[in-house]
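A short worksheet on the structure shown next.
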Amino acid sequence: MSKRILWKDAWQAISRSLGRFIAIFLLMAVSAFALIGLKITGPDMRQTATSFFAQHHLADTTITSNYGLDSRDRQIIRQQKSVKQVDFGYLQDSTIDQTNRALRIFSQTNGVSSWQTVSGHLPHHDDEIAVSYLLKGKYHIGQWITLKQAGSLKHRQFKIVGFARSSEYLDRSDIGQTTVGTGQLSGVAVVKKSAFKTGTAYAIARVTYNQTAKMNPYSSRYTNYVEKQQQLKKALNRHGKTKQQKLERQLKAAQQQLAQATQQAAVLQQKNAEAGNAALIQQAAALKKQQTKLKQLGTRTYTLSDRTENPGYAIYRSNAERVDILADVFPVLLFAIAALVSLTTMTRFVEEERIQIGTFKALGYSNADVAKKFALFSLLASSAGVALGAWGGFMVLPKIIFKAYAANSTLSGFQLHFSWALLLTTWLIAILCTTGAALWALHRDLKAKPAALLLPKPPKGGSRILLERWHWLWNRLSFNYKVTMRNLFRYKSRALMTIFGVAGCTGLLVMGFGIRDSLSGISNIEYSRIIKYDLIAVQNSNSSAKQRQQLKKELNGKSVKGHTGIYFEQLTKKAGDDDATQSISLIVPNNEKNFKQYFAVKNRQTKKTLKLPQDGVIISEKMARLLNAKKGSSIKLKDASGKWRTMKVAGIMEMYIGHYVLMSPQAYQKIFHQSYQTNAQLITLKKGAKLQRESQRLMATGAVKGINQNVNNQRTIDNIMGSLNRVMIILIGLAALLALVVIYNLSNINIEERMRELSTIKVLGFYDQEVTLYIYRETVILSVIGILLGYLVGIGLHRFIILSLPPANAMFDPTMTLTNFIVSALIPAVITAGVAMAMHRKIRSVDMLDALSSVD
């Protein structure tokens, strides 16, 4: 039997139902765009970073020591069996003359953690320097800069010959702290290794391992392998302990020799005594210098840092993981809505073609032949939609999201990747939602006899609805509203599809706007309502009386509004899904009453102020979540010396960014088994005071070794939240587009399905506006129900996302504003109104006689 007529009818079905075809096309395009785009972005971001790290041979571990790395240290590092390559280098922190900008100047490396030239070139001579490309707007190639602190460098003046990107510094804003200038680094730079003085102990060792070259740096396998390289630290610590003991013995012997020489000089003749005294003075000065250095540096320690310690590394990884979380939630709901609407659309399509199905069956065509039209229609619509959505998902959305996150990162050269598995999976899901739905709706008609199919489908029988039993309400309804209520219950499947479609779109909008609410203002809440000080000045324990007096003078100066003494220390603990090392700020106030002026210690749920206990600690809320700690729990944290300290949780305080532990001096003495004394100052500046200038003054006293400025923390937070905010705007736009397609498609189906009914009431004398309201009352009621249900869906999604989306050291504000719900309802309401106007024009143009005679 010839199939020409069959295929001709199949192709003509597309033009006859072009609106339906476009609706399915758009539904699949939006869903595929979100699914593929969000699913591929996280891997793309990680692969971009992985390629960058491999290209520049980023060190797996960096090693530093407060005494530098001597020849024996270098020998121990090289002798480790797992070590592939080691590079020993120098570094020097210095401020640029006549500015507050502090640079960390590194020596060029030999292959490990290499620098990427952005413009110009890397240094060729000892007096040349390449600075971070982030400072490109402040300096230019060929410019000479003068350093205030030459330190271990041979020169103070350097010529800028290029701008470069460090593979170790991935964060644009949080570069790190220093002991010069304002206490905050403004950038990094690189010079030739020969630009440093010979004989100076190496400051840093960069190590790569044999086994890590083929590992994914973001895998748990890589993390576990690097963490196992602890035998290196043990070997270094053994050597450091031996050398420390040797140095102390030498100093003790020198002191004894000096004492003996002093006694001998007392019995010498006057002339010889003067010469002896001069020698004694030199010897005493040298001894005092050694003792001062030993006192300042303290016990010899070695610090082994993995890549997560590099500024921006962990944040970039966290950003990629945040996209993964969104990819597991957002597209699933999109496709669920698309599947429901597609099912309704294809079911209606099959019902419209009922008589043609009967005709083809009567002509002898098989069920498979009859199904070809619907398979072709749905396959073309869904495949075309997936093709467009996949193009945007693979090529457009990852770039947009990376650009949003790259605002905080120095990484560039974003790499796009293609995944056949992801494309085929998306296409199969789309086929199930459309072709599967069409065949499912078709199978009932294919079972029927041709004679039954050639007759119009009998209308549903009328029946009383539950509302009619409530006479006090039913009798008060007008005729139009009684018809509306009956129709709502009569067409249950269409009503449910409308409710679920609108609810899904509203839920996505509520979630998107809710996350925006949770993101906005976090830094303002953190650094105005909770943390009220401007900076922490960590004091130098080896400062002189004169330096301490100068610090006191600065603290009582006209720029400082107030200050209070605290004990400050950084504790650590591995926690979170990736078991990363979390940095925890320990603050022990000297005076709790004064401390309240600088730090609000409150519980977020109860809003009650928490009092520092005598034998327990108060911890921040996100830290409590990571450690699964509650009031009364015991937690273990590692202090700066590497000892584990057990402490009981007495309360959980409101805190959105960072981890904090607060305790009283009494609790500190019990937990740390040592007497309490302050080592830092919380400082609040007066309005109009220059933060950078005051930081520089404090550092200049010599009694401060480091400063933590809240403005830097706030800038980092705003950058992270700003990136997430931009991503949420994209998702909100997708949800709004989906709402438009869903509401238009369902409204169109509703009108097409009831065209005879509408024509009948037009013949009965209803005006066009009344006819539109006749059918749109149902849409409005169903949309309102859908919006209300969408609120519940959105609240649930929002709660899940705000618990899963934030990085390990932050939490979002769970509060949702009233504006969120209003806007989330207005968008589908405006779309519904816009579609109503479009449908009103369609209803006005209906040929009543033609519609009424269409099935005769």
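Fair warning: this is a prediction, and the values are worked out from it, not measured in the lab.
Distance check: Leu326 CG to Glu321 CD gives 12.5 Å after rounding to the nearest 0.5 Å. Taken from CD1 in Ile431 to CG in Leu424, the straight-line distance is 11.0 Å, to the nearest 0.5 Å.
With a 6.0 Å radius and a threshold of 12 heavy atoms from other residues, nucleotides or ligands, Tyr744 has its OH atom at or below the threshold. Within 6.0 Å of the NZ atom in Lys193, the count of heavy atoms belonging to other residues, nucleotides or ligands exceeds 12. Atom CG of Asn210 is surrounded by more than 12 heavy atoms from other residues, nucleotides or ligands within 6.0 Å.
Side-chain polar atoms of Thr434 and Ser378 form no donor-acceptor pair below 3.5 angstrom. If you check the side chains of Asp813 and Ser518, you find no donor sitting under 3.5 Å from an acceptor. Residues Ser383 and Trp427 bring a donor and an acceptor atom of their side chains to less than 3.5 Å of each other. Side-chain polar atoms of Thr109 and Asp87 form no donor-acceptor pair below 3.5 angstrom. One side chain, Ser824 or Asn820, offers a donor N or O that lies under 3.5 Å from an acceptor on the other. Checking Thr223 against Tyr218 by side-chain atom types alone, no donor-acceptor pair falls below 3.5 Å. Side chains of Ser51 and Gln415: a donor on one and an acceptor on the other come within 3.5 Å.
Among all heavy-atom pairs drawn from Ala189 and Leu103, the shortest one is CB-CD1, 4.3 Å. Ile24 approaches Ala381 most closely through the heavy-atom pair CG2-CB, 3.7 Å. Between Leu333 and Gly504, the closest heavy-atom pair is CD2-O, 4.1 Å. The minimum heavy-atom distance between Ile40 and Ser419, with the atom names listed, is CD1-CB, 4.2 Å.
The side-chain hydrogen bond (donor to acceptor under 3.5 Å, both in side chains) test with Arg206 singles out one residue from His57, Gln85, Glu168, and that residue is Glu168.
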Do Val190 and Arg104 pass the side chain to side chain contact (heavy atoms under 4.5 Å, CB included) test, and can you show the C-alpha distance, the side-chain angles, and the key distance before you say yes or no? CA-CA 8 Å; Val190 60; Arg104 178 157 292 164; over 6 Å; no
Leu38 vs Ile401, test: side chain to side chain contact (heavy atoms under 4.5 Å, CB included). Steps then yes/no. CA-CA 9 Å; Leu38 291 175; Ile401 295 176; 3.8 Å; yes
Worked verdict on Leu416 versus Lys399 for side chain to side chain contact (heavy atoms under 4.5 Å, CB included): CA-CA 8 Å; Leu416 296 171; Lys399 285 183 179 179; 3.4 Å; yes
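Centroid-to-centroid, the aromatic rings of Tyr656 and Phe812 stay 6.0 Å apart or farther.
Judged as a salt bridge (Lys or Arg N to Asp or Glu O under 4.0 Å), and not counting sequence neighbours, Arg165 has no contacts. For Tyr169, the ring-ring contact (aromatic ring centres under 6.0 Å, His included) criterion is met by no residue, not counting sequence neighbours.
Classified by interplanar angle (parallel below 30°, tilted 30° to 60°, perpendicular above 60°), the ring pair Phe402/Phe414 is parallel.
Under a 4.0 Å N-O distance rule, the pair Asp328/Lys39 qualifies as a salt bridge.
Screening residues 31-55 for ring-ring contact (aromatic ring centres under 6.0 Å, His included) gives Phe52-His56, Phe53-Tyr313 as the qualifying pairs, with residues at least two apart or on separate chains.
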